[in-house]
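Here's the structure, in C-alpha cells; my notes come after.
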Amino acid sequence: MKSNEPFVDEVMVSVFAGDGGDGCVSMRREKFVPLGGPDGGDGGRGGDVFLVADRNLATLIEQRMNRKVHAESGAAGMRRNRNGCDGVDLVIAVPVGTVVFAADGDRELLSDLSQDGARWRAARGGRGGRGNTQFKTSTRQTPDTAERGRPGQIRELRLSLKLLADVGLVGFPNAGKSTLLGRISDARPRVAAYPFTTLVPCLGVAEVGDRRFVVADIPGLIEGASRGVGLGDRFLRHVERTRVLVHLVDVGSWALESRDLLEGYEAIRKELGSYQPALLERPEIVVLSKMDLVSDRESLKPLEETLQQRGRQVVRVSAATGEGIDTLLQAMQSSLDASAPASDPEPGA
C-alpha cells in the first residue's frame, strides 16, 4: 500500500449485472428463397459481476471511489439468425481477507475471500431473450414475437476487510506496539508520545533465520472497545485471523504512574472475549514493554509469576534499546510452529 493511500477497510457497494439482450423478430426476404420464414436471433447474456481476491491490494479504497459498478449488457439478436454478443463479465479485485455481507444489516456471511485468487459471483447477468426463430412450430410457421432480455441482478453489498496476519499486537493505546513493529520489521508505522497515534492497522514482515511471518499492529484498545468505545470494534475484526496474539503491557508507564498492570491486562482480555470468545483460546505471548524505563526490575516478578501460572509466556522487551527482541522473535516463531492456522470464527459485526 502506498504511504499516501488511505486505509479503507469497509465500504458499501452497489453491483449491477448486465441485462440480457432482446430477441429479434425478423423474416427472411431473399430472392429465390420461397417460404423464407423467421430468422430472428437470440439476445446475448448479460455480464456477471465477480469479486476476486488479489494479494497485491491492501485496502478497499478503489471500491470506495467506485461505489456503483455495472457489468456490460448483452447485445440484441439480429436477423439471419445471428445471436447478440454476450456482455463482458466485470471482475472487481479486492484485498485478500475481504468478507462480504448484504448491506441491509443481515449478518449472514455471503463470501469469504481469504485466499489469493478466490472468486465469487456477486451478481448474475440476465438471460438473453429468444428470437422469433425459437418460436417456430409445425403449426406456427411465421411467429412474429420474441422475448425481451431478462434484467441483470442488482445487489447492495457490504465489503469488510479482515487483515491476514500471523501475529497480532494488542494492548492499550501507547503501549509501544508501533515502536515494536518498527523494530522487528521494515514497517514504518506512525510513532508519537500520545495515545491513539495509530489510527489504522499496519502490517510488517518479521524474519527469524530463513523464516518469515506477518505481524499486524492493531490500533490501541480500551475498556468498552467491543461495544464501540474509543476506536471501538472497528479494528477488533483484524485480530480474528491472527494465529498468535502478542499482548503488550506497558511497564514503563506503570513505573511512572503506578498503574495496576494485571488489571489492565485483564481489561484487554475481557474486550477480546466479549467480541469473540474464540480469541481467548489463541496462543498468547505477554510482552512487558518499555523495560528501559523501569529501574526496579525485581518489582515485576510477582506479575510475571502470576501470568506464567496462567500458562502465559512472558518476555521483557525494550524496543528502544533492543532488549529481548531476539527472544520475542523466537517465541513468536515457536508459537506459530505449534499452532494450526486459525479457523475463522463466526463473523463479527
Side-chain angles (χ1 to χ4, degrees), residues 11-54 57 60 62-96 98-104 106 108-113 115-159:
V11 66
M12 301 289 186
V13 296
S14 301
V15 293
F16 298 79
D19 297 334
D22 295 337
C24 175
V25 175
S26 175
M27 299 292 178
R28 293 179 62 183
R29 292 180 177 84
E30 301 175 47
K31 192 176 184 179
F32 308 119
V33 180
L35 304 177
D39 69 346
D42 300 338
R45 174 189 61 83
D48 296 334
V49 179
F50 290 94
L51 301 182
V52 177
D54 185 344
L57 299 178
L60 293 168
E62 291 294 332
Q63 286 65 52
R64 172 169 288 184
M65 301 299 293
N66 299 279
R67 293 179 182 268
K68 294 185 178 182
V69 292
H70 299 257
E72 186 178 53
S73 295
M78 296 169 284
R79 59 190 300 267
R80 297 184 180 178
N81 290 316
R82 290 177 294 172
N83 294 336
C85 294
D86 291 340
V88 177
D89 293 338
L90 176 63
V91 178
I92 304 172
V94 296
V96 175
T98 298
V99 291
V100 186
F101 302 90
D104 58 6
D106 189 350
E108 179 185 359
L109 179 65
L110 300 179
S111 180
D112 185 352
L113 303 171
Q115 296 182 348
D116 184 42
R119 185 182 181 97
W120 178 69
R121 179 162 53 192
R124 185 188 297 271
R127 189 184 68 188
R130 293 178 293 175
N132 66 334
T133 302
Q134 300 282 7
F135 295 94
K136 181 180 178 180
T137 67
S138 60
T139 57
R140 190 183 184 190
Q141 295 292 313
T142 58
D144 58 356
T145 59
E147 287 182 335
R148 297 187 64 85
R150 298 290 182 86
Q153 188 178 15
I154 301 175
R155 300 182 81 171
E156 302 288 333
L157 302 175
R158 175 167 63 92
L159 308 185

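Considering every non-hydrogen atom in both Arg121 and Asp48, the closest pair reads NH1-OD2, 3.2 Å. The two atoms that bring Val96 and Gln115 nearest to each other are CG1-N, 4.0 Å, heavy atoms only. In plain terms, the two heavy atoms of Ala146 and Val25 that are nearest each other are CB-CG2, 3.5 Å. Summarising the geometry of Pro95 relative to Thr98, their closest heavy-atom pair is O-OG1, 2.7 Å, with the distance given to 0.1 Å. In plain terms, the two heavy atoms of Pro151 and Asp19 that are nearest each other are CA-OD1, 3.3 Å. Minimum heavy-atom separation, Met27 to Pro143: CE-O, 3.0 Å.
Atom CG of Asp22 sits about 10.0 Å away from atom CD of Glu147, to the nearest 0.5 Å. Here the CG atom belonging to Leu51 is positioned 10.0 Å from the CG atom belonging to Leu110, to the nearest 0.5 angstrom. Here Thr142 contributes atom OG1 and Phe135 contributes atom CZ; the two are 14.0 Å apart, rounded to the nearest 0.5 Å. Summarising the geometry, atom OG belonging to Ser14 is positioned 6.0 Å from atom NZ belonging to Lys68; distances are rounded to the nearest 0.5 Å. Distance check, rounded to the nearest 0.5 Å: OG1 of Thr145 to CD of Gln134 gives 11.5 Å.
Within a 6.0 Å sphere centred on CZ of Arg124, heavy atoms belonging to other residues, nucleotides or ligands number 12 at most. The neighbour count for Arg67 CZ, taken as heavy atoms of other residues, nucleotides or ligands under 6.0 Å away, is above 12. In the displayed structure, Arg155 atom CZ is contacted under 6.0 Å by more than 12 heavy atoms of other residues, nucleotides or ligands.
Of the possible polar contacts, one joining the Thr133 side chain to the Gly40 backbone as a donor-acceptor pair under 3.5 Å is found. A side-chain donor-acceptor contact under 3.5 Å links Asn132 to the backbone of Ser26. Between the Gln63 side chain and the Ala93 main chain, a donor and an acceptor come within less than 3.5 Å of each other.
For the pair Phe50 and Leu90, the minimum side-chain heavy-atom distance is 4.5 Å or more.
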Given the rule in the side-chain contact (heavy atoms from CB on, under 4.5 Å) test, do Ile92 and Val49 qualify, once you have shown the distances and angles that lead to the verdict?
-> CA-CA 8 Å; Ile92 304 172; Val49 179; 3.8 Å; yes
Give the intermediate values and the outcome of side-chain contact (heavy atoms from CB on, under 4.5 Å) for residues Arg119 and Val91.
-> CA-CA 9 Å; Arg119 185 182 181 97; Val91 178; 4.0 Å; yes
List the steps and the verdict of side-chain contact (heavy atoms from CB on, under 4.5 Å) for Arg45 and Asp89.
-> CA-CA 10 Å; Arg45 174 189 61 83; Asp89 293 338; 3.6 Å; yes
Where do Leu159 and Val13 land on the side-chain contact (heavy atoms from CB on, under 4.5 Å) test, with the steps shown first?
-> CA-CA 8 Å; Leu159 308 185; Val13 296; 4.1 Å; yes
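Remark: Asp42 does not engage Arg130 in a salt bridge, criterion side-chain N to carboxylate O under 4.0 Å. One finds no salt bridge joining Asp39 and Lys136 here, because no Lys/Arg side-chain nitrogen approaches an Asp/Glu carboxylate oxygen to under 4.0 Å.
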